[in-house]
Amino acid sequence: MMIVSPIHSCVVRGGRGPLMKDGDGAAPATLFRLLGPVQLEASAGRVTFSGKQGALLAVLLLHADRVVSTQRLAEAVWDRPWHSGSASRVRMLISEVRRSCVAVGADVIHTQRPGYVLRLTAGGLDLACFRSQVALAREAMAAGRPEEALGRYDEALSWWQGAPLGGISGSFAEAQAQWLDGLRLDALEERQAVLLALDRISDVVTEARTLAGEAPLRERLHGRLMEALHRSGRRGEALEVYRRFRDRIVDELGVEPTNELRQLQQRILRSDTFPPQQPDAPRVSAPRRDGPLGSAPAGFPPVPSQLPAPPASFMNRSSELRELDRRLICGADNVGVAVISGPGGLGKTWLALHWAHARRDRYPDGQLYANLRGFDNAEEPVPPSTVLRHFLEALGVPPKVIPVDQEAQAALYRSVLADRRLLVVLDNARDSAQVTPLIPGRPGCTVLVTSRNRLVSLNATHSAQLLEVGAFSDEEAHRMLSHHFGPETMAADPASVAVLLEHSGGLPLALGVLAARATAHPGFPLAVLAQELRDPATRLDALQTGDLGAGLRAVFSSSYAALDARAARLFLLLGTAPGPDAGLPAAAALVGLPTAETRALITTLETANLIRQHSPGRYRMHDLVRLYAAERAEADLPEHVRKQALARLLEACTATACAADRVLFPHRPAIAAAPWQGEVPMFEDEAAALAWFEAELPCLLAAQLLTPGLGMDVTGWQLAWGMNTFLLRRSYTRERLDSWQVALAAADRLGDPHTTAVVHWHTGYAYAAAARIDEALVHLDQAVELFEKAQDQSRLAQVHHTMGWMWSVRGQPRRGLGHARAALRLQREVGDPIWEANALSAVGWIRLQLGEHEAARVACEQALTLFRRHEDRGGEAATLDSLGMLAFRQGDYERALEYYGQCLDLREGTGNAFQGADTLVGLGDTHHAIGNDAEARAAWRDALALYGSQHRLAEVERVRKKLEMSAARR
């Protein structure tokens, strides 16, 4: 329910009218309110929302600028689990709320899969304004400006107009209202502290008594009242407040007051005085040293300064430096520990040293440094006892008194560093065990660690901040090369520069090697380096220098050498895998191990930063790391081992693709099972199958290209079959055609007539979708001939079905109708009700194109009955879309909206975004025809977004024109 009223020049409670300016002097175009009744105030009026409309708007506002799924909206608004009709109810409610908002000039609710998003302008929500003012009040109080803080708190609290989310019921609204009211009480409690600091004792007593009655279990509020009463000479009343509060929480909650409140009671009992509250005093810096040039006076412990020289040409990494500043500011109660991790060659040491030198003044008691050699091919990792001895000597401890035992050394080290402010840089750590004994025991010190491993356990044991660094962006890499080569050289050969950027992969070490090689041969053009990088066989050679251990191979080799045998084998096999990344099931098939064991090995590689989990369950190597892994696999693994691993992977991919396809198209005629005996993931629903295909598609397409070389022709054509439904549904026309061309070559080599017929049919279908009709007819005619010869009526009907679709979409519907009727006759002879329904739906759709409306209606309704009887949701959706178009053309707009709405629900449920976009256009056209312009524009905008993501440029332009014409008429 909503109430609309015009905006008058009145001022709402709290002194803030709907069109009054915010603190920055700019009036927001729209203002939503949650801190009271749920309202929208805009230039054209005020709307008050309640009931389900208010609940839905509250959910969107509390998650403003973030997508809220349709399911979450339904469950929050109706207080019940998601069910099949929920999407329609949410869409209707969204339409009502959107229409109300648009009526006062606020078109702010947008559809974005998997739900909806409300876009706010700055200052457009009272809750955000309230919290902003509270934050400013806290800053002012912390800086010792209580008068300003009080004004800010009053400004914040003026946004409240009553009970939050007024007019809305339900568990979600009640929980959120309770949370919002807690924010108000927090602000009021903090305001009491400001009043105490200003010595406004009577105000605190008056206000705190009222608030304590409103919130009888808020301990901090009762503490403020106790202190104010005591400071005003009313000691007995203060103690009575404590007694009543304690009795209440003991009775109702079964707990005692906190130690802080009990101590306050004891101070009142002792009649201690309470000085006015003041902001915390700033932390006092460590005393300066007065010796010459900053050295310590005689007898004072030495000040170590062990940092190696800072990198001369350090650049980029500004965001990482800011992160280190933010995470490593020494507090009064902690030892700051940070771990910079990432693969070799990313410049972790340079980043650590640059930061350490730039922040030396923070550590007046010195800087310690140790290279722990955790990944050094020439030497063993340095044990902590060796580092401890060196550190203790540097700190002035006589060698004779340093214990032999490592634990005793660590205890002495912690004692020496107590009360000092000192920086410890631990470079190239192998694991947490190397680092833990070297962490000081008292606050004031900072430990900065670099490692190729992530050292996650240090976060658990020492609250270490973990900072992972990645490769440079193209812009950053270009900046580094330009620094070394000079802008003139870069501008003279942009094509070669592009090659250098592409194949160095943004690795600072790789870029540095290229710069060193160019410096060594200044007369050589960049094209020489570019040529070496273009060829994968010479790419790693191009990234080597003449110094032993200075190239990428040496860096990658040291990380590889640190792996155990099983993890190393997986690393090598992943280097040979097709596609840009790999999921866990694919990795398990590749290595021939159960999923659980493979997951443990992948975790080892991830910890070593040799692979990265770029999305949940999917792993990717840097291109140069992958090239190294493939190179080592060829050298270290026999050919038959590599081929067996790839064969397992391809068989697993094909079996899983066919299983996922079965979920997407359960009524599709089956083929012989793919030859895979391992684990095949189970797909709960179509959404899960679609998500798997979306993630795996590049790998599947790359895997199919390997089948001829591995002699796996059966897998080659079955993989095309498994991908077909997904590629068709997503309109991946080029990929679908490429896949069936690989399958056609495989079928020719196999020589099986049935396989050849099936592959010709789908190859023709793929050519038809690509608008290459002549080539399509060649393959479809061959399929017809082969299926007629084999007397396979069912498959023959499906080929006719395909040809009926092809001619109808290419502007010859009468010719297409002949094929569709042939398909219907054959399917009725075979007795397959699902495919009979498909043929009826095709006949109805083509008759609709011909203007034969009554015949189209009869065929579509017969098809719809069969689809619903046999629970074929995809076929049901297609037929509903045709019936929606038929009703629209006949001017029956209400029925058209009903058909289109049912169709859209089904297509959203099955993930059929391709045809869903077409349905949205029909829905928008229908709304437009009956004057629902806001709903029409919303549907067209949703369709436009889908068309854009599907790269359907002609449809994008067509819908954009609809939106422009609609805007011009407003």
Side-chain angles (χ1 to χ4, degrees), residues 56 67-74 77 82-99 109-117 664 685-687 690 728-731 841 844-845 848 860-861 863-864 867-868 871-889 892-930 932-950 952 955-956 958-959 962-963:
L56 180 134
V67 177
V68 185
S69 70
T70 303
Q71 178 175 347
R72 187 170 184 180
L73 284 169
V77 171
W82 174 265
H83 60 85
S84 58
S86 298
S88 294
R89 298 177 70 181
V90 170
R91 188 163 50 252
M92 290 176 61
L93 198 58
I94 284 283
S95 180
E96 294 169 2
V97 174
R98 182 185 273 148
R99 190 183 305 122
I109 300 175
H110 307 283
T111 306
Q112 185 172 332
R113 292 180 64 86
Y116 302 88
V117 61
L664 297 181
D685 51 27
E686 292 191 10
L690 287 168
L728 177 61
R729 186 175 289 189
R730 286 291 190 261
S731 193
S841 183
W845 184 68
L848 177 58
C860 286
E861 288 181 350
L864 189 63
F867 280 133
R868 285 176 169 169
E871 298 182 350
D872 186 336
R873 296 192 298 167
E876 182 183 352
T879 309
L880 285 167
D881 189 83
S882 296
L883 287 167
M885 182 183 295
L886 175 61
F888 176 80
R889 291 185 178 180
D892 190 350
Y893 299 128
E894 292 300 326
R895 186 178 293 271
L897 287 177
E898 180 182 349
Y899 283 136
Y900 279 136
Q902 293 177 33
C903 174
L904 198 58
D905 285 346
L906 286 168
R907 284 178 168 167
E908 287 179 350
T910 59
N912 190 348
F914 183 81
Q915 291 178 313
D918 301 330
T919 304
L920 281 165
V921 174
L923 188 66
D925 291 346
T926 309
H927 275 302
H928 176 69
I930 58 179
N932 295 339
D933 289 340
E935 286 83 351
R937 287 192 297 274
W940 287 335
R941 280 198 298 264
D942 294 344
L944 185 66
L946 287 174
Y947 283 146
S949 67
Q950 297 160 5
R952 298 165 68 180
E955 287 85 350
V956 165
R958 177 165 55 89
V959 176
K962 290 177 183 285
L963 286 165

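As the structure is a computational prediction, the values presented were derived from the model and not from experiment.
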Any residue meeting side-chain hydrogen bond (donor to acceptor under 3.5 Å, both in side chains) with D892, in chain and number order, not counting sequence neighbours: R895

So R958 and Y947, side-chain contact (heavy atoms from CB on, under 4.5 Å) or not? Walk me through it. CA-CA 10 Å; R958 177 165 55 89; Y947 283 146; 3.8 Å; yes

Using modelled atom types only, decide if a donor and an acceptor are shared between the side chain of Y900 and the backbone of V921 within a distance under 3.5 Å. no

Separation between CZ of R99 and CD1 of I109, rounded to the nearest 0.5 Å: 11.5 Å

Indicate yes or no: at least one non-hydrogen side-chain atom of V117 is less than 4.5 angstrom from one of T111. no

Within a reach of under 6.0 Å around CD of E871, are more than 12 heavy atoms found that belong to other residues, nucleotides or ligands? no

What's the separation between atom CE in M885 and atom CG in L880, rounded to the nearest 0.5 Å? 13.0 Å

Residues A943 and A917: closest non-hydrogen pair is CB-O, 3.6 Å

Go through it in stages, so that I can follow the logic: the residues are D925 and W940, the test is side-chain contact (heavy atoms from CB on, under 4.5 Å), and I'd like the CA-CA distance, side-chain angles, deciding distance and then a yes or no. CA-CA 8 Å; D925 291 346; W940 287 335; 3.2 Å; yes

Minimal heavy-atom distance between S841 and A863, with the atoms involved, is N-CB, 3.6 Å

Could you tell me whether D905 and R873 make a salt bridge, using a distance below 4.0 angstrom between a side-chain N and a carboxylate O? no

side-chain contact (heavy atoms from CB on, under 4.5 Å) evaluation trace for L946 with Q915: CA-CA 10 Å; L946 287 174; Q915 291 178 313; over 6 Å; no

Quick one: CG on L944 to CZ on R952, what's the gap to the nearest 0.5 Å? 12.0 Å

Taking all atoms of both residues into account, what is the closest heavy-atom pair of V90 and A74, and its distance? CG2-CB, 3.7 Å

Kindly indicate, with the supporting measurements, whether the criterion side-chain contact (heavy atoms from CB on, under 4.5 Å) is fulfilled by I930 and E894. CA-CA 9 Å; I930 58 179; E894 292 300 326; 4.0 Å; yes

Do you know which two heavy atoms are closest between R889 and L848, and how far apart they sit? NH1-O, 3.1 Å

Is any side-chain N of the basic residue among R98 and E935 closer than 4.0 Å to the acidic one's carboxylate O? no

Partners passing side-chain hydrogen bond (donor to acceptor under 3.5 Å, both in side chains) against T919 (at least two apart in sequence or in another chain): D881, R907

Gap between atom CZ of R730 and atom OG of S949 - 0.5 Å precision: 8.5 Å

Heavy atoms only: give me the nearest A887-Y899 pair and the separation to one decimal. CB-CD1, 4.4 Å

With R729 via side-chain hydrogen bond (donor to acceptor under 3.5 Å, both in side chains) - residues at least two apart: E686

So, Y893 versus N932: side-chain donor-acceptor pair below 3.5 Å or not? no

Considering only heavy atoms from C-beta outward, does the side chain of Y116 approach that of S69 to under 4.5 Å? no

Quick one: does any side-chain atom of S95 pair with a main-chain N or O of R91 as donor and acceptor, under 3.5 Å? no

Residues C860 and G844: closest non-hydrogen pair is SG-CA, 3.8 Å

Counting C-beta onward and ignoring hydrogens, is there a side-chain heavy-atom pair between H927 and L923 closer than 4.5 Å? yes

Return the CZ to CG distance between R937 and L963, rounded to the nearest 0.5 Å. 8.5 Å

Nearest-0.5 Å distance, CG of residue D872 to OG1 of residue T879: 8.5 Å

